[in-house]
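Working notes for the structure below.
Because the structure is a prediction, the values reported are computed rather than measured. Residue numbering restarts at 1 for every chain, and letters A, B, ... go by the order of the sequence lines.
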Amino acid sequence: MEEYDVIIIGSGPAGLSAGVYAGRYMLKTLIIGGNITGGAITEAHRVCNFPSQKNIGGLDLSIKLVEHAKTNGIKFAENETAKTIEQNGLSFNIKTDQNQYQTKKIILAFGRKKRMLNIEGEKEFLGKGISYCATCDCSFYKDKTVAVVGGGNSALTAALLLSEYASKVYIVYRKSKFFRAEPVWIKQTDNNPKIEYLFNKEIKKITGNKFVEKTIFKDGEELAVGGVFVEIGSIPDETLSKQLNISTERGYILTDKKQKTNIQGVYAAGDITNNVLKQVITAAAEGAIAAESVYKEIIKGD
Amino acid sequence: MSTIKINSDNFQKEVTNSDIPVIIDFWASWCAPCMMMGPAFEELSNEYENKLKFAKLSTETEPIISNQFNITGIPCLIITKKGKEVDRIVGFAPKEVLKAKIDLILDRI
């Protein structure tokens, strides 16, 4: 089996930026893309804080990143998902759902998975009024009343997007105010006449006949809605980290400033790390650093 | 076999009057998971010769049909028999999972 210098697992901004850098260092590189090429940012409504991009759709930005990563002679296994990683002396064997690969170094950049509400009615009404992707489904809610659950940037931007279609958008948040969202988004939702906040509220149950008709809150109150958009953040997937005995904190991979993990030859970048800011720019920066660290180790012969 | 494009002009001919069940992929260009599932759907269309017809319907250009099928979330694959829905698969699924779900539905109908 041919051996890669580096295999990057994940194709969001971290993995793709690592790919751009690794390609330019002329490392023999493979990106294992995972289910969604482009990563979580593909579902972001607008990205307005990536320098040089004043206002770009998340999917458009990710398409540019994918195109860029593909220009430097690296290989890209799209729609392939890494299932197991085994250390074998100084190299690693990676099995995906379709292939098997060998590599000297690994950059883990597979991001997070969406958090679910885990309440009654959530699974039952998936695609029948429950959605995890406002950019995908907003147009089906024209002139309807919808609820967005959550209080971070993704919840607020989902509410803003939905307000372009729906007649009324409730933001349901379990806290008393928005602590985590950027002020610039809060200002926009504050000034949007279709958006109303329901603070200190948690949904207990979602009910309806064939489609979502109402949400029932823990305090017993009810709200009639035609759709519920779940935007309550993401959680790290620990499967691969555990296989390699990588040190984590609440599931997030611990790295040093060179993006090294506690396992020799394994690096991590982007949302899966314990970094303090989960944004495109920080993910991209960490991907770049990880690729540079790999390059230095390889030329040193480590 | 490959996929065919469905619109209001050919719906009756290709779906309602089809001798075999039809699976319709309701999608949109702004839907990242739809775009990712597209190639798998295309590949699967070659594995069900004479058993299942694979069709794609853009929710952007065909809002009326999308509405008739009560589409509220995409990607959404609807399996139809004589134009009537028999089951639907909602959300992204990788190829193998998709195939297993389709087989399960086909066994039942």
- Query: Passes side-chain contact (heavy atoms from CB on, under 4.5 Å), A:N79 versus B:M36? Steps please.
  - Reply: CA-CA 7 Å; A:N79 297 312; B:M36 299 311 149; 4.3 Å; yes

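Taking a 6.0 Å sphere around NZ of A:K194, one finds it holds more than 12 heavy atoms contributed by other residues, nucleotides or ligands. Crowding of A:K128 atom NZ: a count of heavy atoms from other residues, nucleotides or ligands under 6.0 Å not exceeding 12. Atom CD of B:Q12 has 12 or fewer neighbouring heavy atoms from other residues, nucleotides or ligands inside a 6.0 Å radius. Enclosure of atom NZ in B:K82 by more than 12 non-hydrogen atoms of other residues, nucleotides or ligands within 6.0 angstrom is indicated. The neighbour count for A:K214 NZ, taken as heavy atoms of other residues, nucleotides or ligands under 6.0 Å away, does not exceed 12. Atom NZ of A:K204 has 12 or fewer neighbouring heavy atoms from other residues, nucleotides or ligands inside a 6.0 Å radius. Within a 6.0 Å radius of CD in A:Q243, more than 12 heavy atoms belonging to other residues, nucleotides or ligands are found. Heavy atoms from other residues, nucleotides or ligands lying under 6.0 Å from CD1 of B:I64 number 12 at most.
To the nearest 0.5 Å, atom CD1 of residue A:I36 and atom CE of residue B:M37 are 9.5 Å apart. Distance check, rounded to the nearest 0.5 Å: CD1 of B:I89 to CG of A:L126 gives 12.0 Å. Interatomic distance, B:I71 CD1 to A:F140 CZ, rounded to the nearest 0.5 Å: 6.5 Å. Distance NZ/B:K95 to CD/A:E80: 12.0 Å, rounded to 0.5 Å.
Contact tally against chain B (heavy-atom pairs below 4.5 Å) for A:T37, A:I63, A:D97: the top residue is A:T37.
When all heavy atoms of B:R88 and A:G127 are compared, the closest pair comes out as NH1-O, 4.2 Å. Among all heavy-atom pairs drawn from B:N70 and A:F211, the shortest one is CB-CZ, 3.1 Å. For the pair B:I74 and A:D137, the tightest heavy-atom approach, listed with the atom from each and the gap, is N-OD1, 2.7 Å. Contact detail for A:S139 and B:W30: the closest heavy-atom pair is OG-CZ2, 3.6 Å. Smallest separation of non-hydrogen atoms from A:C136 and B:P33: SG-CD, 3.7 Å. Considering every non-hydrogen atom in both B:A32 and A:L59, the closest pair reads CB-CD1, 3.7 Å.
A:Y132 contributes no side-chain N or O that, together with a main-chain N or O of B:G91, makes up a donor-acceptor pair within less than 3.5 Å.
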